[in-house]
Enquirer: 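Have a look at this one.
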Amino acid sequence: MGEERRGDVGHESKNPYYEGKKYKEPTFCPSCELVYHEGRWVDTSKPEDKNAKEALCPACRRRRDKNPEGLVYLSGSYFDEHKEEILHIAKNSAERAKETRPLQQIMWAEEESETLELATTNEHLARRIGKAIARAHDGDLEIKSGESERRVRVYWVRED
Ligand SMILES: [Zn+2]
């Protein structure tokens, strides 16, 4: 297959969120309506096939379990003043990722003690969001991947 490799997403086949897990085709995710087709989850119309299976896709499993693979923390007084613009960049990054990688989604955006936390279903999306924000607004970007857990934390801060 000449298609782009899916990076190192999920070598661990025991990982319940493994994006390369095989499903019967077609399988329909009742939550986000992605369809498992030709070996991957795609954004397409619901299969008419009456034998189509239903199963939560890896992204919806993470959503259900509140178990993000990526976390992005945004803070600083500059962030406070430009919150809308910056969140727009984050949403744009997710929209663009979704065109080719529909399993890469933002799970939530929550603000707590002046830090906004964005949770993503996929570590690559978290990195991508952090880099896009730093490219457009400078600031300090730090990306930390856990040694024992498969999760990446992206910190972006700009004070002024
Ligand atoms: Zn889904």
Side-chain angles (χ1 to χ4, degrees), residues 1-13 15-23 25-47 55-76 79 82-111 115-146 149-158:
M1 295 210 299
E3 85 178 46
E4 190 188 342
R5 285 184 52 126
R6 263 172 262 179
D8 59 356
V9 178
H11 281 308
E12 310 142 70
S13 52
N15 170 355
Y17 312 112
Y18 178 52
E19 293 181 9
K21 180 177 170 0
K22 300 280 178 248
Y23 294 84
E25 300 199 17
T27 292
F28 175 73
C29 174
S31 178
C32 70
E33 306 191 335
L34 290 179
V35 177
Y36 187 77
H37 179 66
E38 294 179 352
R40 57 191 303 179
W41 289 92
V42 291
D43 190 4
T44 183
S45 50
K46 185 175 178 174
L56 281 183
C57 73
C60 290
R61 276 172 207 272
R62 285 195 177 276
R63 226 180 267 282
R64 178 196 63 191
D65 300 344
K66 297 190 170 50
N67 186 355
E69 188 177 73
L71 288 164
V72 183
Y73 299 97
L74 306 171
S75 62
F79 171 62
H82 298 83
K83 203 173 283 176
E84 264 182 45
E85 286 165 70
I86 291 168
L87 287 179
H88 185 71
I89 293 175
K91 282 179 195 148
N92 254 343
S93 303
E95 282 300 310
R96 242 173 298 145
K98 205 176 137 197
E99 289 168 14
T100 49
R101 313 279 158 108
L103 295 176
Q104 299 193 9
Q105 301 167 16
I106 293 177
M107 294 166 68
W108 68 71
E110 274 173 16
E111 202 158 8
T115 295
L116 192 121
E117 176 188 272
L118 286 174
T120 64
T121 56
N122 177 287
E123 63 159 318
H124 297 291
L125 179 58
R127 289 173 197 272
R128 185 168 174 159
I129 289 172
K131 286 178 186 165
I133 292 172
R135 216 165 26 237
H137 291 272
D138 295 327
D140 293 318
L141 179 68
E142 197 183 347
I143 299 178
K144 293 183 181 169
S145 17
E149 49 166 14
R150 188 184 175 84
R151 178 173 288 172
V152 70
R153 286 181 169 80
V154 176
Y155 299 85
W156 180 83
V157 57
R158 182 168 168 189

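What you see is a predicted model; the values in this text were computed from it and never measured.
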Enquirer: Got a sec, which residues hit side-chain hydrogen bond (donor to acceptor under 3.5 Å, both in side chains) with Arg61, two or more places apart in sequence or on another chain?
Expert: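 Result, side-chain hydrogen bond (donor to acceptor under 3.5 Å, both in side chains) vs Arg61: none returned.
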Enquirer: Is any side-chain heavy atom of Leu74 less than 4.5 Å from a side-chain heavy atom of Ile86?
Expert: yes
Enquirer: Tell me, please, which residues at least two apart from Glu110 pass side chain to side chain contact (heavy atoms under 4.5 Å, CB included).
Expert: Trp108, Glu117
Enquirer: How long is the straight-line distance from CG of Asp65 back to OH of Tyr17, given to the nearest 0.5 Å?
Expert: 3.5 Å
Enquirer: Under the salt bridge (charged side-chain N to carboxylate O under 4.0 Å, His left out) test, which residues partner Glu111, sequence neighbours left out?
Expert: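 Glu111: salt bridge (charged side-chain N to carboxylate O under 4.0 Å, His left out) contacts with Lys83.
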Enquirer: Side chains of Phe79 and Val157: closer than 4.5 Å at any heavy-atom pair?
Expert: no
Enquirer: Measure across Leu56 and Arg64 and return the closest heavy-atom pair with its distance rounded to 0.1 Å.
Expert: CD1-NH1, 3.7 Å
Enquirer: Calculate, to the nearest 0.5 Å, the distance between atoms CD and CG belonging to Gln104 and Leu125 respectively.
Expert: 5.5 Å
Enquirer: Could you pull out all residues at least two apart from Glu85 that satisfy side-chain hydrogen bond (donor to acceptor under 3.5 Å, both in side chains)?
Expert: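 Glu85 satisfies side-chain hydrogen bond (donor to acceptor under 3.5 Å, both in side chains) with no residue once adjacent residues are dropped.
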Enquirer: Working to the nearest 0.5 Å, report the span between NZ of Lys91 and CD of Glu84.
Expert: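 Here the interatomic distance stands at 8.5 Å.
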Enquirer: Are the side chain of Glu19 and the backbone N or O of Pro58 linked by a donor-acceptor pair below 3.5 Å?
Expert: no
Enquirer: Can you sort out the partners of Lys98 under side chain to side chain contact (heavy atoms under 4.5 Å, CB included), two or more places apart, ordered by chain and number?
Expert: Asp43
Enquirer: How long is the straight-line distance from CZ of Arg40 back to NZ of Lys22, given to the nearest 0.5 Å?
Expert: 10.5 Å
Enquirer: My understanding is that only residues two or more places apart in sequence, or in another chain, count here; which of them pass salt bridge (charged side-chain N to carboxylate O under 4.0 Å, His left out) with Arg63?
Expert: none
Enquirer: For Thr27, give me all partners under side chain to side chain contact (heavy atoms under 4.5 Å, CB included), at least two apart in sequence or on another chain.
Expert: Tyr23, Lys24, Tyr36, Trp41, Lys53, Ala55
Enquirer: Before accepting this row, confirm whether a basic side-chain N of the pair Glu69/Arg150 lies closer than 4.0 Å to the acidic partner's carboxylate O.
Expert: yes
Enquirer: Side-chain atoms of residues 126-143: list all donor-acceptor pairs with protein atoms under 3.5 Å, sequence neighbours left out, distances to 0.1 Å.
Expert:
residue, atom, partner, partner atom, Å
Arg127, NE, Glu123, OE1, 3.2
Arg127, NH2, Glu123, OE1, 2.8
His137, ND1, Tyr78, OH, 2.7

Enquirer: In terms of heavy-atom contacts, does NE2 of His37 have more than 12 from other residues, nucleotides or ligands at under 6.0 Å?
Expert: no
Enquirer: Are Ser75 and Leu116 close enough, and set up right, to give a side chain to side chain contact (heavy atoms under 4.5 Å, CB included), and what steps lead you there?
Expert: CA-CA 6 Å; Ser75 62; Leu116 192 121; over 6 Å; no
Enquirer: According to side chain to side chain contact (heavy atoms under 4.5 Å, CB included), who are the partners of Pro26, at least two apart in sequence or on a separate chain?
Expert: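 Pro26 satisfies side chain to side chain contact (heavy atoms under 4.5 Å, CB included) with Val35, Pro47, Asp49, Ala52 only.
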Enquirer: For Gly76, does its backbone N or O pair with a side-chain atom of Arg158 as donor and acceptor, under 3.5 Å?
Expert: no
Enquirer: Is it the case that the side chain of Glu25 and the backbone of Gly39 share a donor-acceptor pair, with hydrogens and angles ignored and the cut-off at 3.5 Å?
Expert: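 Yes, because the side chain of Glu25 sits within donor-acceptor range (under 3.5 Å) of the backbone of Gly39.
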Enquirer: Once you round to the nearest 0.5 Å, how far does OG1 of Thr115 lie from CH2 of Trp156?
Expert: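 So the OG1 of Thr115 and the CH2 of Trp156 are separated by 12.0 Å.
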Enquirer: Does any part of the side chain of Gln105, heavy atoms only, come nearer than 4.5 Å to the side chain of Leu34, both counted from C-beta?
Expert: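 Yes. Closest side-chain heavy atoms under 4.5 Å.
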Enquirer: Just to verify, what does Arg151 make a side-chain hydrogen bond (donor to acceptor under 3.5 Å, both in side chains) with, not counting sequence neighbours?
Expert: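 By the side-chain hydrogen bond (donor to acceptor under 3.5 Å, both in side chains) rule, Arg151 matches Asn67.
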